[in-house]
Chemist: 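Please find one structure pasted underneath; my questions will follow.
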Amino acid sequence: MKQLHTIISGKVQGVWFRQSCADEANRLGLAGWARNLAGGGVEAVFEGDEKMLALMVEWCHQGPRLARVDGVDITENAPEGLTPPFTVRS
């Protein structure tokens, strides 16, 4: 069990990034949340199995069809015991 804190930059707001992220995280059985940042990026916290987290990070580098991802900054944190479902925050 691991937790990853991510900041995704690029054209990631107004392109359904957060909801698509939640859909993918829930499909992978991950817990956590995603929210928009004032600077135009998206912040997301993912918690779960290491293999599923690797797949989620891979997805974040691409995002949904209309997104343009310029960067994904990742910090590993101690797990908090978050439980699914993955949610979208405002």
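A quick note: this is a predicted structure, and the numbers were derived from the prediction, not measured.
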Chemist: Quick one: does Val42's side chain get under 4.5 Å of Arg18's, heavy atoms only?
Modeler: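 When only atoms from C-beta onward are counted, Arg18 and Val42 do touch, with a gap below 4.5 Å.
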Chemist: From Glu43 CD over to Thr6 OG1, what is the distance, rounded to the nearest 0.5 angstrom?
Modeler: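 One finds 7.5 Å between CD of Glu43 and OG1 of Thr6.
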Chemist: Can you tell me which residue among Asn36, Val12, Leu66, Val88 is in a side-chain contact (heavy atoms from CB on, under 4.5 Å) with Phe17?
Modeler: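 Answer to the side-chain contact (heavy atoms from CB on, under 4.5 Å) test with Phe17 among Asn36, Val12, Leu66, Val88: Val12.
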Chemist: How long is the straight-line distance from CG of Leu82 back to CE of Met1, given to the nearest 0.5 Å?
Modeler: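 Separation between the atoms: 8.5 Å.
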Chemist: Rounded to the nearest 0.5 Å, how far does CD1 of Ile74 lie from CZ of Phe46?
Modeler: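 Spacing of CZ (Phe46) from CD1 (Ile74) equals 9.0 Å.
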Chemist: Find out whether Val69 and Ile8 are in side-chain contact, i.e. whether some heavy atom of one side chain is under 4.5 Å from a heavy atom of the other.
Modeler: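 Yes; the side chains approach each other to less than 4.5 Å.
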Chemist: Using 30° and 60° as the class boundaries, would you call the ring planes of Trp33 and His5 parallel, tilted or perpendicular?
Modeler: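 Correct class here is perpendicular.
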Chemist: If you round to the nearest 0.5 Å, how far is CE of Met56 from CG of Asp49?
Modeler: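 It is 14.0 Å, given to the nearest 0.5 Å.
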Chemist: Could you check if a side-chain atom of Lys51 sits within less than 4.5 angstrom of a side-chain atom of Leu53, using non-hydrogen atoms only?
Modeler: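 Not touching, per the 4.5 Å side-chain cut-off.
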Chemist: Give, for atom OG of Ser9 and atom CG of Leu37, the distance between the pair rounded to the nearest 0.5 Å.
Modeler: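 The OG atom of Ser9 sits 10.0 Å away from the CG atom of Leu37.
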Chemist: Can you check whether Trp16 reaches Cys21 side chain to side chain, under 4.5 Å on heavy atoms?
Modeler: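 Not touching, per the 4.5 Å side-chain cut-off.
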Chemist: Quick one: do Glu47 and Lys2 satisfy salt bridge (Lys or Arg N to Asp or Glu O under 4.0 Å)? Show the steps, please.
Modeler: CA-CA 6 Å; Glu47 191 167 297; Lys2 286 173 53 174; over 6 Å; no
Chemist: Determine whether Thr75 and Leu4 make a side-chain contact, defined as any pair of heavy atoms from C-beta on separated by less than 4.5 Å.
Modeler: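 No, every pair of side-chain atoms sits at 4.5 Å or beyond.
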Chemist: Got a sec: does the CD of Gln62 have more than 12 other heavy atoms crowding it under 6.0 Å?
Modeler: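 At most 12 heavy atoms, drawn from other residues, nucleotides or ligands, come within 6.0 Å of this atom.
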Chemist: Compute whether any side-chain donor of one residue and acceptor of the other, for Glu80 and Gln3, lie under 3.5 angstrom apart.
Modeler: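 Glu80 vs Gln3: donor-acceptor pair found between side chains.
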Chemist: Step by step, would you call Asp70 with Arg68 a side chain to side chain contact (heavy atoms under 4.5 Å, CB included)?
Modeler: CA-CA 6 Å; Asp70 294 336; Arg68 186 196 76 244; 3.0 Å; yes
Chemist: Taking all heavy atoms of Gly29 and all of Pro84, pick out the closest pair and write down the distance.
Modeler: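 The answer is O-CG, 3.9 Å.
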Chemist: What's the separation between atom CZ in Arg27 and atom CE in Met52, rounded to the nearest 0.5 Å?
Modeler: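 Between Arg27 CZ and Met52 CE, I get 8.5 Å after rounding to 0.5 Å.
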